[in-house]
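See below for the structure under consideration.
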Amino acid sequence: MRLDYKATTSELKADREVKVSAIKVMVTRADGTVLTFDGDEESQKRLDRFSRGAVIVGMTEVPWKMADNSTVMVTPEEMIQAMVLAGQKQAELWFI
């Protein structure tokens with residue numbers, strides 16, 4: 001690699017895409033249990049849809065596939081928190 005090498009915008013975007021697709025976020029419950037959610041863009045969309053739907057119909061918990069592929073009952077509030085945290089992490093990576 002040349003010492004004066006500068007990554008192209010395409011290379012920077014590809015690197016950012018890899019980093020965004022690997023986002024994981026942790027939500028800690030009052031009892032100390034840590035829930036690790038996937039935070040990639042598609043997961044953020046799912047968290048948004050499911051949390052809003054759960055709130056609309058009055059659900060207090062829904063089953064959710066966690067980052068480690070286990071299924072856990074989570075609250076709409078936990079899903080919203082995960083979505084916000086993932087969005088914050090994505091925002092940190094977004095501007096190149």
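Source: prediction; values computed, not measured. We count residues from 1, following the sequence as given.
- Annotation: side chain of Lys13 is not in contact with side chain of Ser10 (no heavy-atom distance under 4.5 Å).
- In this structure, the side chains of Asp38 and Lys24 come closer than 4.5 Å at one or more pairs of heavy atoms.
- Inter-residue side-chain proximity for Asp40 and Ile23 is flagged as unmet; no heavy-atom pair is nearer than 4.5 Å.
- Ring orientation note: the planes of Phe37 and Trp64 are tilted relative to one another, at an angle of 30° to 60°.
- A continuous path of Ile, Leu, Val, Met, Phe, Trp and Tyr side chains, each step under 4.5 Å between heavy atoms, connects Val72 with Val27, placing both in one hydrophobic cluster.
- For NZ of Lys19, the number of neighbouring non-hydrogen atoms (other residues, nucleotides, ligands) closer than 6.0 Å is 12 at most.
- Looking at every heavy atom in both residues, Pro76 comes nearest to Ser51 through O-CB, 3.9 Å.
- Both Phe50 and Ile56 are members of a single hydrophobic cluster when ILVMFWY side chains are connected at heavy-atom separations under 4.5 Å.
- Between the CG atom of Leu35 and the CE atom of Met73 there is a distance of 12.5 Å, given to the nearest 0.5 Å.
- For Glu61, the CD atom is densely surrounded, since the number of other residues' heavy atoms within 6.0 Å is greater than 12.
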Determine, step by step, whether Arg29 and Val74 satisfy the side chain to side chain contact (heavy atoms under 4.5 Å, CB included) criterion, reporting the C-alpha distance in whole Å, the side-chain angles of both residues, the deciding distance to 0.1 Å, and the verdict. CA-CA 10 Å; Arg29 290 181 164 168; Val74 299; 4.0 Å; yes
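- Residue Met59 is grouped with residue Met83 when hydrophobic side chains (ILVMFWY) are merged at heavy-atom distances under 4.5 angstrom, including chains of intermediate members.
- A chain of hydrophobic side-chain contacts below 4.5 Å, direct or via other Ile, Leu, Val, Met, Phe, Trp or Tyr residues, connects Leu93 to Leu85.
- Summarising the geometry, atom CG belonging to Asp48 is positioned 8.5 Å from atom CD1 belonging to Ile80; distances are rounded to the nearest 0.5 Å.
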*Applying side chain to side chain contact (heavy atoms under 4.5 Å, CB included), run through Val25 and Thr36 and close with a yes or a no.*
CA-CA 6 Å; Val25 294; Thr36 304; over 6 Å; no
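- In this structure, the side chains of Leu47 and Met79 come closer than 4.5 Å at one or more pairs of heavy atoms.
- Residues satisfying the side-chain hydrogen bond (donor to acceptor under 3.5 Å, both in side chains) criterion with Glu41, sequence neighbours excluded, are Gln90.
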